[in-house]
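Report on the structure given below.
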Protein chains: 4
Amino acid sequence: MNKDSGFSQGIGEEGGLRTRHHGNRHRRSEEARRAVLEAADDLLAEIGFAAVTIEGIAARAGVGKQTIYRWWQSKADILMDALLEDATQDLIPPDTGDLGSDLRIHLSNLAKFLTQSDAGAVFRALVGQVQHDPVLADRFRTDYLTRQREVDRIPLLRSIERGQLARGVDLDLALDQLLGPIYFRVLVTGQPVPREITDTLVKGFLKEMEAEA
Amino acid sequence: MNKDSGFSQGIGEEGGLRTRHHGNRHRRSEEARRAVLEAADDLLAEIGFAAVTIEGIAARAGVGKQTIYRWWQSKADILMDALLEDATQDLIPPDTGDLGSDLRIHLSNLAKFLTQSDAGAVFRALVGQVQHDPVLADRFRTDYLTRQREVDRIPLLRSIERGQLARGVDLDLALDQLLGPIYFRVLVTGQPVPREITDTLVKGFLKEMEAEA
Amino acid sequence: MNKDSGFSQGIGEEGGLRTRHHGNRHRRSEEARRAVLEAADDLLAEIGFAAVTIEGIAARAGVGKQTIYRWWQSKADILMDALLEDATQDLIPPDTGDLGSDLRIHLSNLAKFLTQSDAGAVFRALVGQVQHDPVLADRFRTDYLTRQREVDRIPLLRSIERGQLARGVDLDLALDQLLGPIYFRVLVTGQPVPREITDTLVKGFLKEMEAEA
Amino acid sequence: MNKDSGFSQGIGEEGGLRTRHHGNRHRRSEEARRAVLEAADDLLAEIGFAAVTIEGIAARAGVGKQTIYRWWQSKADILMDALLEDATQDLIPPDTGDLGSDLRIHLSNLAKFLTQSDAGAVFRALVGQVQHDPVLADRFRTDYLTRQREVDRIPLLRSIERGQLARGVDLDLALDQLLGPIYFRVLVTGQPVPREITDTLVKGFLKEMEAEA
DNA sequence: AAGTAATCGAGACGGTACGTCAAGTCTTCCT
DNA sequence: AGGAAGACTTGACGTACCGTCTCGATTACTT
């Protein structure tokens, strides 16, 4: 995506060319990088964010601490990379041709992602950390959220193109209304987010859109 | 509310009789308790959750570490108490006689609380920590959330009694829809929550309720 | 003697009528005092001086910490009392009418006391502590050593009276020569002190005395 | 003796070649080691054994606590090393060709060492601690005493070779008799050990040896 | 007999040091 | 040059005891 290829951001190389204008000087070890991300992921799942340590990650990854400090700033930074690597492919909304269906599926997928998947656990840990760490918050919003936001917007945009949804709709607010309750339940109240909830959210949203018109 | 209200130990005899026939001879120092809560509050505001340490709180409060460990389990536990003490009086919805007004005011107050107040900063730190610490999560939900949830419900209940709102409305879901987007912006996207947002949320909610009917 | 009757010194009341029949002025609890001394003794034997704590003694004795601090200055001070109470009756030299016999028996008793008895363990712990604590050293020498020194001197004095030993003998030096090697082995080298050793010491001493004459 | 002589861990390359194909890459900091020993020595002299703490040593040495705990087991263990480093060169008996002279000088040096020197203060503290700590006692006897014992024996051995002293003499007992009273005065009675005392001890010992013959 | 005063067991208090853990830095050797 | 290893300083952790303090109960001497 971006040439910065910022190892700390990881993502980057899926394009594959890997032409990196003139190469990465003296070669970062891709092997070490993956080992670290995997170790971090595994440890998060096994012992929880609070118990994860840089030393633990290094030991589990079979990597020197220095190698970690050379490329990442904190354990949260590592998890950011892990999240970007693991989770981007998920949460791509379907294209069924119907806004209601698209949203129902997408919201349901989101709920599943947040509550059931390993990547969701990473996400929750990161959001937790974001409350304490403004630098991480920046990176989280720049590297993850804005991208996800664009993806989330797709069903609505498609619906507008199809003429189902009015042109003037405030998409950001719409997304807040659709997604907010889900994140709220997951992050704050800790309540489950079954399909009935997501379906009802979509129903309410559609009803409101109709009423709007 | 219950008299104990659930501080970590409560000393809580505000009822006052203090008839305790002879028990509890060695009482907790109320002075130390308040000093700790204040120190924790202040430090959170000054240096942020991550930089707050038990040692720092103890030093600032002029209290022995053991005294803290005797009564609290973690720095988050201390902040829980601080939150319960500081914030309970806030966020009580008004009673204007109109659901729309009540909600607009209440949501705006909530947004202000979350983004502007010291207690809101404590709340955000706690929600962050809740993502990493299941024990804290329990306490957070038992001691704070359920109480707040009941308070949040009041405008809707009053509206039902007035006959404005249908009896069958799912109040929990309604609250998720009204509050979720606000928490989402505060905790996840980091966007501000101006009055326009809260007002629009209320408008949408009312429109949906009408459509429902 | 002294009105304080120095409980912390325990012993001390021999001057006296010891009418303590019931009236101890304003009542120190004799029961507590004995419980503390016994607890200290027991704990020393069980876990060693380093692991003995005032809190541990108080708990074991079923006594409040304050009670201990009221009457003693340190755990070593308690053990001083225990030593004075337990050990004074030991180490009284016999009177066989013969200097050699008296000394052989006495030195052997001393060796046994130092290496085998519980009171000897207390003594060793106190000598250890004396190296670190000048205040204790004072008390140790004033209350225990000078007394014991006088007792140790008895066989030599008797022998002088009997005409066996020359009047001019330096008794202090003689005692250093007789006792020093025993304490040295016990405290420094950690070697055992069997009867052969003590007997040989006596033999050497007597030979030297003869040669002197 | 070798300059390395057996610090608590040494690193032990006395074999020397250090061919270790690749092992032991991360070596102990000699600088930190010396700083710790000096700090411990100084603190002992300044504030006394009881007041010396590991934290204090670390702070004074400008060293992390962990570094101390990595290489030593206790403050006494540190002082053991300091003693071994500082004191081994002292207390080597002279060779005047005459047993009496040799012993008089050596005993006098010993007395001076024990009562006047900084290393002597360390020694006294260690002997004190030896009464409470069997592990230290072991190390004290293995690493220090046996070595010193051999050195102390030298004048007697030389005298035997010269034919002055009988072959059958029990050297260990002889040393106990010569040294015991000195240690006794220093460690137990706290009396000074002037030259008259040491001289008289030697005189008595020689007289006894003559009488023996 | 009631009042007074000192001691008692208990245990919370402000502290100090403990011994451990992890942070982030630095140095060394290896590849 | 990058990476694995690990010793280094730093600082917080949570615990154990220190010595002081207050509490309510007990008990022996006033009065």
Side-chain angles (χ1 to χ4, degrees), chain A residues 24-29 31-33 35 51-59 61-71 73-75, chain B residues 20-29 31-33 35 51-59 61-71 73-75, chain C residues 22-29 31-33 35 51-59 61-71 73-75, chain D residues 20-29 31-32 51-59 61-71 73-75:
Chain A
N24 195 31
R25 225 79 67 188
H26 273 286
R27 75 200 160 240
R28 169 179 189 180
S29 160
E31 195 182 1
R33 189 184 136 271
V52 173
T53 64
I54 301 265
E55 295 212 322
I57 295 171
V63 138
K65 278 165 68 178
Q66 193 59 257
T67 301
I68 294 185
Y69 283 108
R70 211 177 340 254
W71 304 109
Q73 302 193 7
S74 63
K75 63 176 174 177
Chain B
R20 292 197 169 137
H21 298 304
H22 68 288
N24 209 20
R25 301 229 285 295
H26 313 291
R27 303 113 351 194
R28 173 174 187 178
S29 158
E31 195 182 1
R33 190 185 136 270
V52 173
T53 64
I54 301 264
E55 295 212 330
I57 295 171
V63 140
K65 277 166 68 177
Q66 196 58 254
T67 298
I68 294 186
Y69 284 108
R70 201 169 359 245
W71 303 111
Q73 303 193 5
S74 63
K75 61 177 173 175
Chain C
H22 62 289
N24 192 33
R25 221 79 68 191
H26 270 288
R27 63 193 170 250
R28 170 182 188 179
S29 160
E31 194 182 3
R33 189 184 138 271
V52 173
T53 64
I54 300 264
E55 296 211 331
I57 295 171
V63 140
K65 280 167 66 178
Q66 193 60 257
T67 300
I68 294 187
Y69 284 108
R70 210 177 342 252
W71 303 111
Q73 303 192 6
S74 64
K75 63 176 172 175
Chain D
R20 295 204 167 133
H21 299 306
H22 66 287
N24 210 21
R25 299 227 289 292
H26 314 290
R27 301 110 350 170
R28 173 175 188 179
S29 159
E31 195 181 2
V52 173
T53 64
I54 300 264
E55 296 212 330
I57 295 171
V63 138
K65 276 165 68 177
Q66 194 59 254
T67 298
I68 294 186
Y69 284 108
R70 207 179 343 257
W71 303 112
Q73 303 193 5
S74 63
K75 62 177 173 175

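Proteins come first, then strands; the chains are lettered A, B, ... in the order of their sequence lines, and each starts at number 1.
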Would you kindly give the CZ-to-C1' distance between B:Arg33 and E:dA12, to the nearest whole Å?
16 Å
Contact under 4.0 Å: D:Trp71 side-chain N or O vs F:dA7 OP1/OP2
no
For B:Thr67 versus B:Ala32, what's the shortest heavy-atom pair and its separation?
CG2-CB, 4.3 Å
Residues forming a side chain to side chain contact (heavy atoms under 4.5 Å, CB included) with B:Glu31, sequence neighbours excluded
B:Ser29
What one should report as the nearest heavy-atom pair of B:Ala35 and B:Ala61 is O-CB, 3.5 Å
Provide, to the nearest angstrom, the distance between the CD1 atom belonging to C:Ile57 and the C1' atom belonging to F:dC17.
12 Å
Answer yes or no on whether D:Arg28 is positioned over the face of D:Trp71, meaning its NZ or CZ is under 6.0 Å from the six-membered ring centre and within 45° of the axis.
yes
In terms of heavy-atom contacts, does CD of C:Gln66 have more than 12 from other residues, nucleotides or ligands at under 6.0 Å?
yes
Residue list, salt bridge (charged side-chain N to carboxylate O under 4.0 Å, His left out) with C:Lys65, at least two apart or on another chain:
C:Glu55
Axis-to-axis angle for the helix from E:dA1-F:dT31 to E:dT31-F:dA1, ends of five pairs each, to 10°, equals 10°
Taking only side-chain N and O atoms of A:Arg70, does any of them lie within less than 4.0 angstrom of OP1 or OP2 on F:dG2?
no
Taking all non-hydrogen atoms of both residues, which atom of B:Ile57 and which atom of B:Lys75 are closest, and how far apart?
CD1-CB, 4.4 Å
Encode nucleotides 15-22 of chain E as B, S and - characters from 5' to 3', where the letter depends on protein heavy atoms closer than 4.0 Å: B to the base, S only to sugar-phosphate, - to neither.
B-SBBBBS
Tell me what D:Thr67 touches on the nucleic acid: a base, only sugar-phosphate, or nothing, going by heavy atoms under 4.0 Å.
base
Respond yes when some side-chain nitrogen or oxygen of D:Arg27 is under 4.0 Å from OP1 or OP2 of E:dT28, and no when none is.
no
Closest heavy-atom contact between D:Gly64 and D:Ala58?
C-CB, 4.3 Å
